[in-house]
Amino acid sequence: MIPATFRHRALTAALSSETRRQISATSSVLLADVSVEHGRGTWKTYGDISTYRPGKFQIKTFNKISPLGLKKFPDAKYEIREGDTAANAHAILLRSHKLSEEEVPHTVRAIARCGAGTNNVPVSRMTELGIPVFNTPGANANAVKELVIAGMLLGSRRIVDGINHMKSLGEQGLAKERVEKDKAMFGGREIKGKTLAVIGLGHIGAATARDADQLGMTVVGYDPSLSIENALKLPRGINLSDSIASAIRNADYISINIPYIKGEGGTHGIIGKEVVSNFKPGAVLLNFARGELVDSEALKEHLDSNDGRYVSDFPDDLLWSHPNSVILPHLGASTEEAEDAAAAMAADTIRDYLETGRVRNSVNFPSTSLPDAPEHSIRFTVVTKNVPGMLAHMAEQFAASNLNILQQINQSRGNVAYNVLDVDISGHDSIVDFKEVQEKITMLDGVLSSRVIYGVPGTGYAKNLGGDYFV
Ligand SMILES: NC(=O)c1ccc[n+]([C@@H]2O[C@H](COP(=O)([O-])OP(=O)(O)OC[C@H]3O[C@@H](n4cnc5c(N)ncnc54)[C@H](O)[C@@H]3O)[C@@H](O)[C@H]2O)c1
Ligand SMILES: O=C(O)[C@H](O)COP(=O)(O)O
């Protein structure tokens, strides 16, 4: 149930003189002819006004986001606030924080994950609410690939055990005396000439396959949806398999680099009993993807009975202390370079969406872009359910207000459709009341939200919350 205070709140609210001044400062497009009243009027309905400066987009952050990425948001148009201190967020920027629906106020237009995996974001629910979720494909892949290569070495030589042993000897004053004698306890093997199976040949998997080939390994890969872009990165000698079972059969090392997807047809426990029972004795599993991909009990059996190894940057209650595991903190993407690149890409994506309506790198919305809005036009974006007739209904509303659509694009993905429409505002001798057209369009059955990208940053957003109008 939507609180009554949310309904029709700002429609009748006149803009303050300060906001009008800001509109004039930010846009010179035919203000004399056009009235766009998208001030929110009563700020207290959305949150504490003291946490928001009207006229700016507010970005709510979770986790430590690289300052280089945050610098992409110019102070003149954006303010950045951490977690709970952001009461009127227009967009959310996060890393691994497990986001709940309650942390996404009605004002939020978009969410960007500075990283690859979006399993910490309730993506399906966000789609129902008409909110695009973005990620940063490839931005941290090199960092993860380097740790996978390091992981193969950690799984081949008893490096961690050796370090711990030397520390303990050092504390007893025995390091020098035992350094040669004790090395026999920590012997290992080389990776050159061994076989690596890479499950998932995306940004990380393809780069891992290429570097492993350079290190003299035989590489086998499995990815049922290999993209052309990633196929071009693969080493010539790679052997592509048609199943995980056949890829791992002769592998000494297995690296999983696939997304974690819950539910039917997903990847939960994909490295399960059946797969693990076909591992070669002594096979090393590298998991720098997600802990939930692996059936811990099945893997424990492999580690117990076959001298296999597990190297991962995800905690596991059953495996973290196993003598044959090396479990690190979630460090795959924790390099300066990866943090900068992911935050910068996420910031660019959010800015593009908020300022122009363009959609790229979204995991739930269709990629969409129109050329710049023509002169004397105003851009509408409308998120709808992917059902027949929506375009026609919208066009009717524009026509009823004598507004000509200069250019438009309609894209759909799954249950959602996204529309960008540039509407001619020249040649109108009377004031065109965009807020009324926006309300009519937003309240059409099947519309989720709409924006008029014009004027003061942070304004012009409306939602249809199950029949209640929210602006
Ligand atoms: N440890 C870390 O810090 C860290 C950092 C980045 C990414 N990750 C994890 O690694 C995953 C992969 O990252 P990426 O950047 O390579 O993503 P990506 O989207 O570029 O690649 C994923 C690949 O997996 C393939 N795939 C999906 N399901 C598969 C299946 N069942 N079997 C085989 N292949 C399958 C896809 O077709 C795609 O090519 C992410 O989803 C994330 O969970 C972890
Ligand atoms: O999916 C990812 O990109 C990684 O798991 C990185 O997570 P992080 O941003 O929390 O380091």
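Order of listing sets the numbers, starting from 1, for every ligand and every atom in it. Only heavy atoms go into these numbers, but all of them, side chains included; no hydrogens, no water, no symmetry mates.
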One finds that the ligand 1 atoms under 4.0 Å from a non-hydrogen atom of Val144 are 4 (C), 5 (C), 6 (C)
Backbone, side chain, both or neither: what part of Val144 comes under 4.0 angstrom of ligand 2, heavy atoms only? neither
Consider only side-chain N and O atoms of His322 and Asp304, and report whether a donor and an acceptor are under 3.5 Å apart. yes
Under a 4.0 Å threshold between the charged nitrogen and the carboxylate oxygen, would Lys60 count as salt-bridged to Glu82? no
Any chance the side chains of Asn230 and Lys233 put a donor and an acceptor closer than 3.5 Å? yes
Find all atoms of ligand 1 within a distance of less than 4.0 Å from any non-hydrogen atom belonging to Asn257, and give their numbers and elements. 12 (C), 22 (C), 23 (C), 24 (O)
Rounding to 0.5 Å, atoms CD1 (Ile453) and CD1 (Ile378) come to a distance of 11.0 Å
Atoms of ligand 1 under 4.0 Å from any heavy atom of Ser225, numbered from 1 in the order shown, are 37 (O)
Does ligand 1 have an atom that lies less than 4.0 angstrom from a heavy atom of Asn230? no
Do ligand 2 and Gly117 have nitrogen or oxygen atoms that lie under 3.5 Å from each other? yes
Return the residue, atom name and 0.1 Å-rounded distance of the protein heavy atom closest to atom 32 (N) of ligand 1. Tyr222 CE2, 3.5 Å
In terms of its nearest heavy atom to atom 2 (C) of ligand 2, the top option of His203, Arg113, Arg95 is Arg113
Measuring from atom 5 (O) of ligand 2, which candidate in His97, Glu339, His330 has the nearest non-hydrogen atom? His330
For Tyr310 and Asn324, which I'm curious about, is there any donor-acceptor pair between the side chains at under 3.5 Å? no
Checking contacts here: is it the side chain or the backbone of His203 that comes within 4.0 Å of ligand 1, counting heavy atoms only? Could be both or neither. both
Under a 4.0 Å N-O cut-off, is there an ion pair linking Asp352 with Arg358? yes
If you scan protein heavy atoms around atom 10 (O) of ligand 2, the nearest is Ser96 OG, 2.5 Å
Show me which atoms of ligand 1 lie under 4.0 Å from any heavy atom of His330. 1 (N), 2 (C), 3 (O)
Got a salt bridge between Arg95 and Glu339, using NZ or NE/NH1/NH2 to carboxylate O under 4.0 Å? yes
With heavy atoms under 4.0 Å as the rule, classify the contact between Leu147 and ligand 1 as side chain, backbone, both or neither. neither
Polar proximity ligand 1 side, Ile204 side, N/O cut 3.5 Å exclusive: yes
Looking only at protein heavy atoms, which one is nearest to atom 8 (N) of ligand 1, and how far off is it? Phe288 O, 3.8 Å
Taking only heavy atoms of Gly332 into account, list the atoms of ligand 1 that are under 4.0 Å away from them. 1 (N), 2 (C), 3 (O)
Asp295/Lys273 under salt bridge (charged side-chain N to carboxylate O under 4.0 Å, His left out): CA gap, chis, key distance, verdict: CA-CA 7 Å; Asp295 178 332; Lys273 216 173 172 45; over 6 Å; no
Salt bridge (charged side-chain N to carboxylate O under 4.0 Å, His left out), that's the test. Do Lys56 and Glu79 meet it? Break it down for me. CA-CA 7 Å; Lys56 293 195 179 199; Glu79 67 169 6; over 6 Å; no
Record the part of Pro259 in heavy-atom contact with ligand 1 below 4.0 Å; permitted values are side chain, backbone, both and neither. both
Specify the protein heavy atom at minimum distance from atom 6 (C) of ligand 1: its residue, its atom name, and the distance to 0.1 Å. Asn140 OD1, 3.3 Å
Ligand 2 to Ala333, heavy atom cutoff 4.0 Å, flagged ligand atoms 6 (C), 11 (O)
Arg157/Glu190 salt bridge by N-O under 4.0 Å criterion: no
Would you mind running through ligand 1 and noting each atom that sits below 4.0 Å from a heavy atom of Ile270? 31 (N)
Considering heavy atoms of the protein only, find what lies nearest to atom 40 (C) of ligand 1 and give residue, atom and distance to 0.1 Å. Ala116 CB, 4.0 Å
Check this for me, if you would: do Lys145 and Asp211 make a salt bridge, where the nitrogen-to-carboxylate-oxygen distance has to be below 4.0 angstrom? yes
Tell me, which protein residue and heavy-atom name are nearest atom 21 (O) of ligand 1, and how many Å apart are they? Gly202 CA, 3.2 Å
Would you mind running through ligand 1 and noting each atom that sits below 4.0 Å from a heavy atom of Gly200? 24 (O), 33 (C), 34 (N)
Whether Pro224 lies under 4.0 Å from ligand 1, heavy atom: yes
Measuring to protein heavy atoms, does anything land under 4.0 Å from atom 14 (P) of ligand 1? yes
of all protein heavy atoms, closest to atom 42 (C) of ligand 1 is Arg290 NH1, 3.8 Å
Nearest neighbour of atom 35 (C) of ligand 1 from the list Asp313, Ile258, Val198, on a heavy-atom basis: Ile258
Flag the pair Phe186 / His165 as yes when their ring centroid distance falls below 6.0 Å, and as no otherwise. yes
With a cutoff of 4.0 Å, is Pro137 in contact with ligand 1, counting heavy atoms of the residue only? no
Go through ligand 1 atom by atom and flag the ones less than 4.0 Å from a non-hydrogen atom of Ala333. 3 (O)
Might you check, step by step, whether the distance between atom 26 (N) of ligand 1 and some protein heavy atom is under 4.0 Å? yes
Specify whether Phe62 and His97 have parallel, tilted or perpendicular ring planes, treating 30° as the upper limit for parallel and 60° as the lower limit for perpendicular. parallel
Identified side-chain contact (heavy atoms from CB on, under 4.5 Å) partner of Leu234 from the options Asp223, Val198, Leu226, Val219: Leu226
Distance under 6.0 Å and angle within 45° of ring axis: Arg451 vs Tyr353: yes
Charged N to carboxylate O below 4.0 Å: is that the case for Lys300 and Glu297? no
What residue and atom, counting heavy atoms only, is the protein's closest point to atom 39 (O) of ligand 1, and at what distance? Asp223 OD2, 2.6 Å
State, without any angle test, whether His268 and Tyr260 hold a side-chain donor-acceptor pair at a distance under 3.5 Å. yes
Below 4.0 Å, non-hydrogen atoms only: which portion of Cys114 touches ligand 2? Side chain, backbone, both or neither. backbone
Would you please test Ser96 and Asn120 for side chain to side chain donor-acceptor pair (under 3.5 Å) and show each step? CA-CA 6 Å; Ser96 287; Asn120 55 318; 5.2 Å; no
Considering both backbone and side-chain atoms of Ser334, is one of its nitrogen or oxygen atoms within less than 3.5 Å of a nitrogen or oxygen in ligand 2? no
Within less than 4.0 angstrom of ligand 2, does Gly332 place any heavy atom? no
Those atoms of ligand 2 less than 4.0 Å from some heavy atom in Gly115: 3 (O)
Tell me yes or no: between the side chains of Asn386 and Asn415, is some donor less than 3.5 Å from an acceptor? no
Specify whether His302 and Phe279 have parallel, tilted or perpendicular ring planes, treating 30° as the upper limit for parallel and 60° as the lower limit for perpendicular. perpendicular
for atom 3 (O) of ligand 2, nearest protein heavy atom and its distance come out as Ala116 N, 2.6 Å
